[in-house]
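Report on the following structure.
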Amino acid sequence: MASSLTSKSILGSTKPGSSSLSPDLRRLSSPAVQISIRTQNKKNLQIQATGSSYGTHFRVSTFGESHGGGVGCIIDGCPPRIPLSESDLQFDLDRRRPGQSRITTPRKETDTCRISSGVSEGMTTGTPIHVFVPNTDQRGLDYSEMSVAYRPSHADATYDMKYGVRSVQGGGRSSARETIGRVAPGALAKKILKQFAGTEILAYVSQVHQVVLPEDLVDHENLTLEQIENNIVRCPNPEYAEKMIAAIDAVRTKGNSVGGVVTCIVRNAPRGLGTPVFDKLEAELAKACMSLPATKGFEFGSGFSGTFLTGLEHNDEFYTDENGRIRTKTNRSGGIQGGISNGEIINMRVAFKPTSTIGRKQNTVTRDKKETEMIARGRHDPCVVPRAVPMVEAMVALVLVDQLMAQYAQCHLFPINPELQEPLRTASPVELEQLQNAAAL
């Protein structure tokens, strides 16, 4: 890039060009002060949008706002020749969709997606995939109070502090409606992981307010999607599901809200995913999950409870299984050691706060800094965790497919060391046949 450095003196300088400085700079400067200014060829300047993209090899950029024309994403880096149709994405979008039960927001959206590029004759082409979902049930007038006053604990105030302007209706980009642009590519990422490595990702609600599902009541080795989807709160234990639903109903009828925890597991994750030092797998998972709206905490493996143990109690001892594979007897590491996956089940928990927009009177301030009271209107989830389940799955899938592609490019481009490394497992013939049958439908 062509550039040059020019030196201009301030206030009282006889050098040409000093007269172009603003009066404010002249008042604050002295004749002895010099400023070095780098001038550049404007044609070479580049501006990169920040905060709306994730991934390096499998890169997703989301767009759209809650009450705009629609939301969606662009997926760049998807491998070619993957069977893909709108129905592959729609299943998870329907799990995320609003208005699906009495314990979710009553906003009515079909969230029907449309793929407009990157797919030809049912196959990905390797070029960017554009996915779009129109908004059809906006009610902008519900947000008239929010245009004047800030909702407590919402992003209204901080968006104004950062940008000096914001989209009032629906919260704009801070709305959970933005996550459509994550769930759609997450569904594709899950399909790639399943097809290439036999990897499964399942999330479920393990806590609502003070109702906590004991860990020993869920068998992570045999947990199924059907068990999770068997009730509206997405808890795999029917008894605790009823307690969670009751807890949400109790605050919903009073215009209040509660938070909760989503647990996510990954079975058959390839070994070797993640890289030292700053790109450890758990660090990438934490960033991805904590980027979701309303998240307040992340832990994996033993998490904070591991701090109560000694090293002897906490260490996962190794053994060799009947197939000659190195395994661990316990899994307090959560499937990740040294920032790298070890082949055991990866497990993590994501905490979500109570929905900040509630129908109760609260103290706040207006945009012109006057104290006031407000009761927020609009349609909002009394508890976000039932709909957050597919969101967490999506973010975990986006991390893993990006890491899988990085691992393949760096460590499997040339023949592996069979004494220490395993090939990245591909799907079995039965799994491939199931995928092909699903694509044909």
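These numbers come from the heavy atoms of this one structure, side chains and all, not from hydrogens, waters or symmetry mates. Since the structure is predicted, the reported quantities are computational estimates derived from the model, not experimental observations.
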Can I get a per-line list of side-chain donor-acceptor pairs under 3.5 Å for residues 288-306, giving both atom names and the distance, sequence neighbours left out?
from   : atom 1 : to     : atom 2 : distance (Å)
Ser291 : OG     : Arg182 : NH1    : 2.8
Ser291 : OG     : Ala288 : O      : 2.6
Thr295 : OG1    : Met290 : O      : 2.9
Thr295 : OG1    : Leu292 : O      : 2.9
Glu299 : OE1    : Phe304 : N      : 3.0
Glu299 : OE2    : Arg349 : NE     : 3.0
Ser302 : OG     : His314 : NE2    : 2.6
Ser305 : OG     : Ser302 : O      : 2.5

For [X] against [Y], the heavy-atom pair lying closest together:
X      : Y      : value
Ile346 : Gly335 : CG1-O, 4.0 Å
Ala189 : Ala397 : CB-O, 3.7 Å
Cys113 : Leu93  : CB-CD1, 3.6 Å

Heavy-atom donor-acceptor pair, [X] side chain to [Y] backbone, under 3.5 Å:
X      : Y      : result
Glu317 : Thr330 : no
Asp316 : Arg332 : yes
Asp402 : Ala406 : no
Asp92  : Pro390 : no
Arg271 : Asn342 : yes
Glu178 : Ser175 : no
Thr124 : Ile82  : yes
Asp156 : Arg166 : no
Gln403 : Gly274 : yes
Glu371 : Thr364 : no

Does the side chain of [X] reach to within under 4.5 Å of the side chain of [Y], using non-hydrogen atoms?
X      : Y      : result
Ile129 : Leu188 : yes
Pro80  : Met123 : no
Thr105 : Arg387 : yes
Leu281 : Val399 : yes
Met348 : Val396 : yes
Asn237 : Val218 : no
Glu109 : Pro134 : no
Gln100 : Asp94  : no

Measuring from [X]:[atom1] to [Y]:[atom2], what's the distance to the nearest 0.5 Å?
X      : Y      : atom1 : atom2 : result
Thr199 : Lys190 : OG1   : NZ    : 12.5 Å
Tyr240 : Asn231 : OH    : CG    : 14.5 Å
Asp76  : Arg59  : CG    : CZ    : 9.0 Å
Leu398 : Glu393 : CG    : CD    : 12.0 Å
Leu273 : Asp279 : CG    : CG    : 13.0 Å
Ile245 : Cys383 : CD1   : SG    : 11.0 Å

Donor + acceptor pair across side chains of [X], [Y] (<3.5 Å):
X      : Y      : answer
Ser333 : Gln337 : yes
Glu229 : Tyr204 : no
Glu226 : Asn230 : no
Ser153 : Ser356 : no

Would you say [X] has more than 12 foreign heavy atoms packed within less than 6.0 Å of its [atom1]?
X      : atom1 : answer
Gln410 : CD    : no
Ile326 : CD1   : no
Phe308 : CZ    : no

Requested in this report: Test Lys287 against Met395 for side chain to side chain contact (heavy atoms under 4.5 Å, CB included), laying out the working first.
Outcome: CA-CA 9 Å; Lys287 176 183 178 180; Met395 295 313 300; over 6 Å; no
Query - Salt-bridge criterion met for Glu422 and Arg325 (N-O under 4.0 Å) - result: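 Arg325 and Glu422: salt-bridged.
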Report task. Could you tell me whether Glu373 and Lys361 make a salt bridge, using a distance below 4.0 angstrom between a side-chain N and a carboxylate O? Result ->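 The answer is yes: the pair qualifies as a salt bridge.
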Requested in this report: Give the C-alpha distance, both sets of side-chain angles, the deciding distance and a yes or no for salt bridge (Lys or Arg N to Asp or Glu O under 4.0 Å) between Arg327 and Asp321.
Outcome: CA-CA 7 Å; Arg327 301 286 304 279; Asp321 68 11; 3.8 Å; yes
**Report entry** From CA spacing to verdict: side chain to side chain contact (heavy atoms under 4.5 Å, CB included), Ile115, Leu89
**Finding:** CA-CA 10 Å; Ile115 299 174; Leu89 313 181; 3.9 Å; yes
Report task. For this output row, return yes or no: ring centroids of His57 and Tyr408 closer than 6.0 angstrom. Result ->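 No, they do not, as the ring centres are separated by 6.0 Å or more.
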Requested in this report: I would like to know whether Thr357 and Arg151 meet side-chain hydrogen bond (donor to acceptor under 3.5 Å, both in side chains); could you show each step before the answer?
Outcome: CA-CA 7 Å; Thr357 307; Arg151 285 172 286 181; 3.0 Å; yes
Query raised in the report: Could you walk me through whether Arg267 and Leu202 pass the side chain to side chain contact (heavy atoms under 4.5 Å, CB included) check?
Result: CA-CA 8 Å; Arg267 293 194 295 241; Leu202 292 170; 3.6 Å; yes
Requested in this report: Using side-chain hydrogen bond (donor to acceptor under 3.5 Å, both in side chains) as the criterion, point out the one residue from Asp160, Thr366, Thr372 that pairs with Tyr150.
Outcome: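 Testing Tyr150 for a side-chain hydrogen bond (donor to acceptor under 3.5 Å, both in side chains) against Asp160, Thr366, Thr372 leaves exactly one candidate, Asp160.
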Query raised in the report: Tyr159 ring centre to Lys162 NZ or CZ under 6.0 Å, with the angle to the axis within 45°?
Result: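 Lys162 over Tyr159 ring: no.
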Report task. Output, in order, the C-alpha distance, side-chain angles, deciding distance and verdict of salt bridge (Lys or Arg N to Asp or Glu O under 4.0 Å) for Lys243 and Glu239. Result -> CA-CA 7 Å; Lys243 295 178 181 179; Glu239 178 185 352; 3.7 Å; yes
Requested in this report: Verify side-chain hydrogen bond (donor to acceptor under 3.5 Å, both in side chains) between Ser52 and Arg173, making sure each step is shown before the conclusion.
Outcome: CA-CA 10 Å; Ser52 293; Arg173 289 288 282 170; 3.0 Å; yes
Report task. I would like to know whether Phe352 and Val392 meet side chain to side chain contact (heavy atoms under 4.5 Å, CB included); could you show each step before the answer? Result -> CA-CA 11 Å; Phe352 290 82; Val392 171; 3.9 Å; yes
Which atom pairs, one a donor and one an acceptor, fall under 3.5 Å between side chains of residues 255-264 and the rest of the protein, sequence neighbours left out?
from   : atom 1 : to     : atom 2 : distance (Å)
Ser257 : OG     : Thr355 : N      : 3.3
Ser257 : OG     : Thr355 : O      : 2.7
Thr263 : OG1    : Ser206 : OG     : 2.8

